[in-house]
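Below, all heavy atoms of this structure are taken into account, side chains as well, without hydrogens, waters or symmetry copies.
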Amino acid sequence: MIKTLRARVTLGYLAFFTLLFLLFSLFLNSVVARALERRLDESLSVEANTAAALLADEFGEMKGDAAAASSEVLADLRLNGSTVAFLTGSRVLGSSAPVPADVAGIARRAAKGGAKGNTSRIVAAPQAGPNGAHAAVVRVTLGGQEYLVLAIQPLDELAADLAVLRRVLLLALPLVIGLAGIGGYWLTRRNLEPLARMAGQARRITHSNLETRLDAGDAAEELAVLSASFNELLSRLDRSFDHMRRFVADASHELRTPISIIRGEADVALSHDRSAAEYKQALAIVLDESRRLSRLVDDLLNLARADAGRVKLRVEEFYLNDLLVECCRSAQTLASARGVTIECPAHEDAAFRGDEELVRRMVMNLIDNAIRYTPSGGRVTATLESRSGDIAIRIADTGSGIAPEAVPHVFERVYRGDKARSRPDGGFGLGLAIVKWIAESHKGAVELASTPGAGSTFTVTLPR
């Protein structure tokens, strides 16, 4: 099996031009054959009509002696390889050469429906000779007697001419195939040269130089489109690798902080004997940091499973309005500790089918995020809007807002682009990334509208 594109295209050229040449040869042979037959038939018609006219003249001069008149006509005619014959009934009055019996029989049958006078009729006699014959038949009436004038020409010369043409075409076939192969190979090599060059460039691209782009040069439009598409892929990979490197660095920092605190507390506690209260205080710190570390690991594991597509939704029907009220009630303790007011007005029933635990976590992350970045005395509002085709959940706060340049990045994992996203209070920067994943896993979307100094509003839209 041929695997190289160059060989396949070359063979395609060969097959196409070979088929084209064969079709052309058949067409040319047919056209030439018809042209030669038409010219032969015209020549026979002229000879038959001339012989008929001369027969009529000589018939008068010979005072009705048809045999003598035919002999005089045959003596006067200048024939070009054809045979002229005069027939009456089943008798041959005279001919310039022997007349095949089947030609005479075919001529008599054809003359019954033919025209009289100087109008000839062409008949074919395929059994006359190795290649058959054509004959022009003219019916004339002289002295009350009907006579047939025949001009007969075997097709041997025509067949020989066509055989020469076919031999020429057959000899030209290898030349055409050779030229088609050479031309196809040259065109294929020329057109695929930019592709080979781009393949070499692509092989030199690794994770360390993803900023490199393919140069298509003066390649054809199709290859230029391929190069542009590949460059777009490289751009996405470059952004993904850069995001992954930043994520790994930030995640490592987040993991190092609680581990350092745990290790430090353990080292201090074990450095010398302490009271029970001091040991209890150290263990409380270790427990708190362990819980933070456990939450971080759980979030990272959930996001990794989501990226791998291993999370299966446990779909069931529940009411989003009840879930929103429960989430606000659960967050009340944290809000009170920070001096933030939570407002959750009553809403009409909003039935929804989805994973209740994931949707609950999504809403809790949004409320928790709003509380953490709202100063004391601020307000967090949770509302629900039920529409015909979807349901919108809005969590708004009166915090410091987010800078416009940071808005596109807030859903990235462990993003550190804005002071409003800093985590001195224990956040990891994974909550909003999880919110986005949960919304998209339910075929929904999450949007952010924020004004610096005036607060932020997160809107989750879930289709019914």
Side-chain angles (χ1 to χ4, degrees), residues 299 302-303 306 311-332 334-335 340-374 378-413 415 418 420-421 427 429-464:
D299 288 343
N302 285 328
L303 289 174
V311 178
K312 294 184 179 180
L313 302 183
R314 294 190 295 271
V315 179
E316 57 184 334
E317 185 169 328
F318 59 94
Y319 289 92
L320 277 176
N321 55 305
D322 293 340
L323 184 143
L324 187 61
V325 171
E326 293 171 4
C327 291
C328 291
R329 188 181 301 117
S330 298
Q332 188 62 52
L334 177 63
V340 176
T341 302
I342 296 182
E343 296 181 356
C344 186
H347 302 91
E348 62 181 9
D349 289 345
F352 179 74
R353 287 187 59 82
D355 191 315
E356 183 175 2
E357 290 303 319
L358 287 181
V359 175
R360 184 184 302 276
R361 184 173 187 182
M362 176 184 69
V363 175
M364 284 300 300
N365 282 358
L366 289 174
I367 295 176
D368 179 80
N369 182 79
I371 294 173
R372 290 180 185 277
Y373 303 125
T374 300
R379 182 178 66 257
V380 173
T381 304
T383 59
L384 183 70
E385 181 181 358
S386 181
R387 297 178 290 206
S388 59
D390 54 40
I391 300 175
I393 302 173
R394 292 188 179 88
I395 308 298
D397 63 65
T398 58
S400 57
I402 302 174
E405 63 272 13
V407 169
H409 305 286
V410 295
F411 294 103
E412 295 178 4
R413 301 170 188 181
Y415 177 65
D418 186 82
R421 295 277 292 164
L430 296 175
L432 294 180
I434 293 175
V435 167
K436 181 180 179 183
W437 160 62
I438 295 175
E440 292 177 349
S441 67
H442 285 81
K443 299 181 180 180
V446 58
E447 298 177 352
L448 167 62
S450 182
T451 303
S456 305
T457 301
F458 288 87
T459 302
V460 178
T461 304
L462 298 175
R464 286 183 177 273

**Request:** With rounding to the nearest 0.5 Å, note down the distance linking NZ in K312 to CG in D355.
**Result:** 13.0 Å
**Student check: side-chain heavy atoms of V380 and E343 closer than 4.5 Å** = no
**Prompt:** Any idea which heavy atoms bring I391 and A351 closest together, and the distance?
**Reply:** CD1-O, 3.8 Å
**Request:** Apply the side-chain contact (heavy atoms from CB on, under 4.5 Å) test between L384 and each candidate in V363, L323, I393; give the one that qualifies.
**Result:** I393
**Item:** Between CZ on residue F458 and CG on residue L448, distance to nearest 0.5 Å
**Value:** 4.5 Å
**Asked** Less than 4.5 Å apart, any side-chain heavy atom of D322 and any of L324?
**Response** no
**Prompt:** CZ/R361 to CD1/I434 distance, rounded to the nearest 0.5 angstrom?
**Reply:** 4.0 Å
**Prompt:** Would you find a donor on one side and an acceptor on the other, under 3.5 Å apart, between the side chain of S386 and the backbone of A350?
**Reply:** no
**Asked** Would you say E317 has more than 12 foreign heavy atoms packed within less than 6.0 Å of its CD?
**Response** yes
**Asked** When V325 is tested against each of C344, S330, P345 for side-chain contact (heavy atoms from CB on, under 4.5 Å), which residue passes?
**Response** C344
**Qualifying residue for side-chain contact (heavy atoms from CB on, under 4.5 Å) with T461, from E385, R387, R394** = R387
**Message:** Measuring only between side-chain heavy atoms, which start at C-beta, is P452 closer than 4.5 Å to I402?
**Reply:** no
**Message:** If you count heavy atoms of other groups shown closer than 6.0 angstrom to OH of Y319, is the number above 12?
**Reply:** no
**Request:** Determine, step by step, whether E356 and R314 satisfy the salt bridge (charged side-chain N to carboxylate O under 4.0 Å, His left out) criterion, reporting the C-alpha distance in whole Å, the side-chain angles of both residues, the deciding distance to 0.1 Å, and the verdict.
**Result:** CA-CA 8 Å; E356 183 175 2; R314 294 190 295 271; over 6 Å; no
**Prompt:** Would you call V460 and M362 a side-chain contact if the rule is heavy atoms closer than 4.5 Å?
**Reply:** yes
**Prompt:** Rounded to the nearest 0.5 Å, how far apart are CD1 of I395 and CG of N365?
**Reply:** 11.0 Å
**Complete:** Tested for side-chain contact (heavy atoms from CB on, under 4.5 Å) against L462, the lone hit among R353, H442, K443 is H442
**Prompt:** Roughly how far apart are L366 CG and D397 CG, rounded to 0.5 Å?
**Reply:** 10.5 Å
